[in-house]
Protein chains: 2
Amino acid sequence: MVREPLGEEAAAELSRMFKALADPIRLRLLSLIASHEGGEACVCDLIGPFDVSQPTISHHLKVLREAGLVGSERRGTWVYYWVLPEALAKLSALLEIPAASAKALA
Amino acid sequence: MVREPLGEEAAAELSRMFKALADPIRLRLLSLIASHEGGEACVCDLIGPFDVSQPTISHHLKVLREAGLVGSERRGTWVYYWVLPEALAKLSALLEIPAASAKALA
DNA sequence: GACTTGTTTCGATGTTTGTCGATACAGTCG
DNA sequence: CGACTGTATCGACAAACATCGAAACAAGTC
């Protein structure tokens with residue numbers, strides 16, 4: 001982010017991922033999934049903690065899935081979700097601003 | 001994010017910051033500012049690269065400012081913007097998922 | 001003070017997003 | 001097969017957002 005001025009296409013793709021994170025419910029969902037034992041959680045684990053309806057949770061999970069932040073799979077009756085660490089790592093790396101480029105140290 | 005299931009208030013605050021990043025123009029603005037020499041840039045430097053009107057750029061800068069991602073100051077005729085590294089570092093740290101919590105390694 | 005340039009705010013408009021209830025689909029168990 | 005549980009999709013609606021042009025504001029110059 002500091003070295004390259006970030007081309008239009010790259011910015012468009014990254015903004016899609018950040019957009020998926022730009023909702024408190026989706027952030028909490030992601031956190032619930034990541035902190036769940038085994039690194040995965042079924043939808044039934046994810047509905048209780050929220051005040052919104054089940055279809056709404058399902059919608060948010062779809063947004064996370066289409067953004068490439070989580071994977072999912074049906075196993076029998078339940079659908080399980082897990083975090084895709086590479087995607088988060090990509091965003092995390094982007095936001096690491098070398099101290100040398102901060103204004104105060106320039 | 002992995003250890004704590006991320007409380008409602010924390011999620012709300014973080015989602016506000018991610019929302020500011022959830023737009024390709026704002027990502028490119030941030031990148032332009034961060035990569036500009038001296039770590040800061042005046043608005044006049046930030047208009048050229050985009051196809052949108054100048055008020056729209058000003059609006060996006062306001063969003064970044066209110067999200068606490070950049071600081072700004074008027075110096076004579078021009079207004080300068082710079083990145084606030086602590087804010088980005090906070091988000092970056094949040095997205096660092098320890099490998100141990102990935103599904104495959106659980 | 002009047003003019004000019006750089007920047008922000010305002011009001012309006014079309015689009016996107018979050019949410020819901022109703023419904024459809026998938027799998028399990030009698 | 002039929003009933004039941006878990007999950008996803010659909011259609012609708014209200015709220016939020018990106019964008020623009022016009023207008024206001026700020027600082028410098030004549």
Side-chain angles (χ1 to χ4, degrees), chain A residues 6 8 11-33 36 38 40-82, chain B residues 6 8 11-33 36 38 40-82:
Chain A
L6 205 53
E8 290 189 40
E13 189 202 336
L14 289 165
S15 71
R16 254 178 271 123
M17 305 178 80
F18 281 121
K19 195 168 299 186
L21 296 174
D23 182 281
I25 290 186
R26 287 197 291 269
L27 275 180
R28 290 173 64 201
L29 278 173
L30 204 60
S31 162
L32 275 173
I33 295 170
H36 203 266
E40 61 181 11
C42 90
V43 178
C44 59
D45 294 322
L46 302 173
I47 294 175
F50 299 96
D51 286 338
V52 300
S53 69
Q54 176 271 323
T56 298
I57 295 295
S58 191
H59 161 70
H60 285 305
L61 288 171
K62 182 181 184 180
V63 172
L64 288 172
R65 191 168 6 103
E66 291 183 340
L69 297 175
V70 302
S72 71
E73 183 189 22
R74 169 162 229 131
R75 287 206 288 280
T77 304
W78 297 281
V79 178
Y80 291 85
Y81 282 80
W82 57 87
Chain B
L6 204 52
E8 290 189 39
E13 188 201 337
L14 289 164
S15 72
R16 256 177 269 123
M17 303 178 81
F18 280 121
K19 194 168 298 185
L21 295 174
D23 182 284
I25 291 186
R26 288 197 289 268
L27 274 180
R28 292 172 63 202
L29 279 172
L30 204 60
S31 162
L32 275 174
I33 294 171
H36 202 266
E40 61 180 12
C42 87
V43 178
C44 59
D45 294 322
L46 302 173
I47 295 174
F50 299 95
D51 287 338
V52 301
S53 70
Q54 180 272 326
T56 298
I57 295 295
S58 190
H59 161 70
H60 285 305
L61 288 171
K62 182 181 183 179
V63 172
L64 288 173
R65 191 168 5 104
E66 292 182 341
L69 296 175
V70 301
S72 72
E73 182 187 22
R74 171 162 229 132
R75 286 208 286 279
T77 303
W78 297 281
V79 176
Y80 291 86
Y81 282 81
W82 58 88

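Proteins come first, then strands; the chains are lettered A, B, ... in the order of their sequence lines, and each starts at number 1.
Nearest heavy atom pair, residue Leu27(A) against residue Leu6(B), reads O-CD2, 3.7 Å. For Ala67(B) against Arg16(B), the heavy-atom pair with the smallest separation is CB-O, 4.2 Å. Closest of all the heavy-atom pairs between Pro49(B) and Asp45(B) is CD-O, 3.8 Å. Arg26(B) approaches His60(B) most closely through the heavy-atom pair NH1-ND1, 3.0 Å. The two residues Pro24(A) and Ala11(B) come nearest to each other via the heavy atoms O-CB, 3.7 Å. Closest non-hydrogen pair, Tyr81(B) versus Val43(B), comes out as CE1-CG2, 3.6 Å.
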Below 3.5 Å is the cut-off: list the nitrogen or oxygen pairs between protein and nucleotides 18-20 of chain C, distance only.
unit_1	atom_1	unit_2	atom_2	d
dG18(C)	OP1	Asp23(A)	OD2	3.4
dG18(C)	OP1	Arg26(A)	NH1	3.4
dG18(C)	OP1	Arg26(A)	NH2	3.0
dG18(C)	OP2	Arg26(A)	NH1	3.3
dT19(C)	OP2	His60(A)	NE2	2.4
dC20(C)	OP2	Ser53(A)	N	2.7
dC20(C)	OP2	Ser53(A)	OG	2.9
dC20(C)	OP2	Thr56(A)	OG1	2.7

What N/O pairs connect the protein and nucleotides 28-30 of chain C at under 3.5 Å? Give each pair on its own line.
none

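Rounded to whole Å, the distance from CD1 on Ile57(B) to P on dT7(C) is 12 Å. Atom NZ in Lys62(A) sits roughly 12 Å away from atom P in dT17(C) (whole-Å rounding). Here dT9(C) presents its P atom at 11 Å from CG of Leu61(B), a figure rounded to the nearest Å. Separating the CG atom of Leu46(B) from the C1' atom of dG6(C) is a distance of 13 Å, rounded to the nearest angstrom.
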Next on the checklist: Go through it in stages, so that I can follow the logic: the residues are Leu30(B) and Leu21(B), the test is side-chain contact (heavy atoms from CB on, under 4.5 Å), and I'd like the CA-CA distance, side-chain angles, deciding distance and then a yes or no.
Outcome noted: CA-CA 9 Å; Leu30(B) 204 60; Leu21(B) 295 174; 3.6 Å; yes
Item to check | Pair Glu73(B)-Trp82(B), side-chain contact (heavy atoms from CB on, under 4.5 Å): steps then yes or no | outcome: CA-CA 9 Å; Glu73(B) 182 187 22; Trp82(B) 58 88; 3.6 Å; yes
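In this structure, Tyr81(B) reaches the dT8(C) phosphate: one of its side-chain N or O atoms is under 4.0 Å from OP1 or OP2.
First and last contacts of DNA chain D with chain A, using any nucleotide atom under 4.0 Å from a protein heavy atom and ordered 5' to 3', fall at dG6(D) to dT9(D).
Separating the CZ atom in Arg28(A) from the OG atom in Ser15(B) is a distance of 11.0 Å, to the nearest 0.5 Å. Remark: Asp51(A) CG to Ile25(A) CD1 distance equals 8.5 Å, nearest 0.5 Å.
Annotation: side chain of Leu29(B) is in contact with side chain of Leu61(B) (closest heavy-atom distance under 4.5 Å).
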